[in-house]
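Have a look at the structure below before the remarks.
We're numbering straight along the sequence, starting at 1. Model, not experiment: these values are computed from the prediction. Both counts, for ligands and for their atoms, begin at 1 and track the order of listing.
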Amino acid sequence: MNYSIPKDIFVKAAKEYGTPLWIYNRETIEERVKETKVFDVVRYAQKACSNLSVLALMKRLGVVVDAVSAGEIVRALKAGYKGGIEKGKAPEIVYTADIFDADALELVKQHKIPVNIGSPDMIEQLAAAGIRTDLTLRVNPGFGHGHSSKVNTGGDLSKHGVWHEQIKECVKLAQKHGMWISGLHMHIGSGSDFEHLAKVCDSMCDAARALGSHLKTISAGGGLPISYKEEEKGNRIDMQLYFELWDKARKRIEQSIGHSVSLEVEPGRYLVAESGYLVSEIRAIKKQADNTFYLVNAGFTDLVRPSFYGSYHGISIIACDDRELNESENVIVAGPLCESGDVFTQEEGGFVVTRNLPKAQVGDLLILHDAGAYGASMSSNYNSRRYAAEAMYSKGELKLIRERQSFEQMLQNDKVIDF
Ligand SMILES: Cc1ncc(COP(=O)(O)O)c(C=O)c1O
């Protein structure tokens, strides 16, 4: 397996900060951002990895953000992004969700954050809270796509977005309350299938017709894929082609409404997945009948994608001593949780599979690759396991960007009440 970070850094980092540990390579993030800059505006879907240092890096790289919760608005503000809209510029933060909770509504009001509406009720709720803000509509075009049914965000079984036949109703509702819908957004799942994408672009053109001349921006959403398997690493998405498909749709829209329209993209995974490694340590190796298990000290409380989606992550071993790792064996890699689904080598549906890995020893490091997106940000405290530390690597230097959670922090809101 290839590493974008020198191997000895993993060993040093594990010694210095302990494991499990997330390491992100800053240069990889910078490269991915550069590639996506063919679009007018790159809006980072921070849910992929919302560490403040990652957000601050995005800001320095000229990337704006979306926020899907009150907490993500707070993170964006803390990282230096501002609410409101400066004339001629894309808003730095956009709240994109299908509901408001009380905290989100309050923060939207306080910081004048534009909202990407996912349910018509949100318009009424903005008006009831006395908020007049810029609106865009997240449209569900009636169909979806994605690498798993859990990330398919379009169609009549999806909870996301405003149904495509309700756009005009939303426009009227917004106008009734003194607001304008000036943008359209479609995020309908993660994957790259250009035929499918062309269908999405056509739907955007149809939706734009319903909005008419008020339209100022269209957003292609996220969903730009990466290859998780080593043998598919050469098949990178054709970013130019991806852009051109959307650009054609944009030009068609511009022709029909008679003025220019800004084209946004909203990637999460693409910008951070390949930058990230989850470094764990093998704590036990055991045989169950014919199967060999490598049991590591990271579990689905750290990286949930294999358990949740059956997702594949590349796995490599770094010896804890000077041993050459010449031999290999088929093993199952599992975590420490008291939960049988806590297995990193599994496919969708929970089918446990083996992986051919170097013959390892207890104490060796086991690295999960391409773990920068939907890794740390989807971690949990289940089994009362603490959030792992996060570190960023750049040009020979490694810096901690999040301390490992302490037991005190984990317990600080619990109360012992004698009933
Ligand atoms: C509204 C929205 N935009 C962008 C994204 C980012 O998707 P991806 O990480 O696949 O690029 C998501 C992911 O769920 C999303 O819901």
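By the criterion of a heavy-atom distance under 4.0 Å, neither the backbone nor the side chain of Ala48 is placed next to ligand 1.
Residue-ligand proximity, Pro267 to ligand 1, at heavy-atom distances under 4.0 Å covers atoms 11 (O). Under a 4.0 Å criterion applied to the non-hydrogen atoms of Gly268, ligand 1 contributes the atoms 6 (C), 8 (P), 9 (O), 11 (O). Atoms of ligand 1 found under 4.0 Å from any heavy atom of Ala45, numbered from 1 in the order shown, are 4 (C), 5 (C), 6 (C).
Cation-pi geometry between Arg355 and Tyr312 is satisfied (NZ or CZ under 6.0 Å from the ring centre, within 45° of the ring normal).
Considering backbone and side-chain N/O of Tyr374, one or more are found under 3.5 Å from N/O of ligand 1. The N/O atoms of Glu266, backbone and side chain alike, include one that comes under 3.5 Å of an N/O atom in ligand 1. Ligand 1 has an N or O atom lying under 3.5 Å from an N or O atom of Arg269, backbone or side chain.
Side-chain polar atoms of Glu230 and Asn2 form a donor-acceptor pair below 3.5 angstrom. At a cut-off of 3.5 Å, with distance as the only test, a side-chain donor of Ser316 or Tyr3 sits close to an acceptor on the other residue. If you check the side chains of His313 and Asp370, you find no donor sitting under 3.5 Å from an acceptor.
Partners of Tyr393 under the ring-ring contact (aromatic ring centres under 6.0 Å, His included) rule, at least two apart in sequence or in another chain, do not exist in this structure.
Relative orientation of the Tyr24 and Trp22 rings is parallel, given thresholds of 30° and 60° on the angle between their planes.
Ligand 1 has at least one atom lying under 4.0 Å from a heavy atom of Gly223. Not a single heavy atom of Ala373 sits under 4.0 Å from any atom of ligand 1. Using a 4.0 Å heavy-atom cutoff, His160 is absent from the residues neighbouring ligand 1.
Of the options Leu61, Val54, Leu55, a side-chain contact (heavy atoms from CB on, under 4.5 Å) to Leu57 is made by Leu61 and by none of the others.
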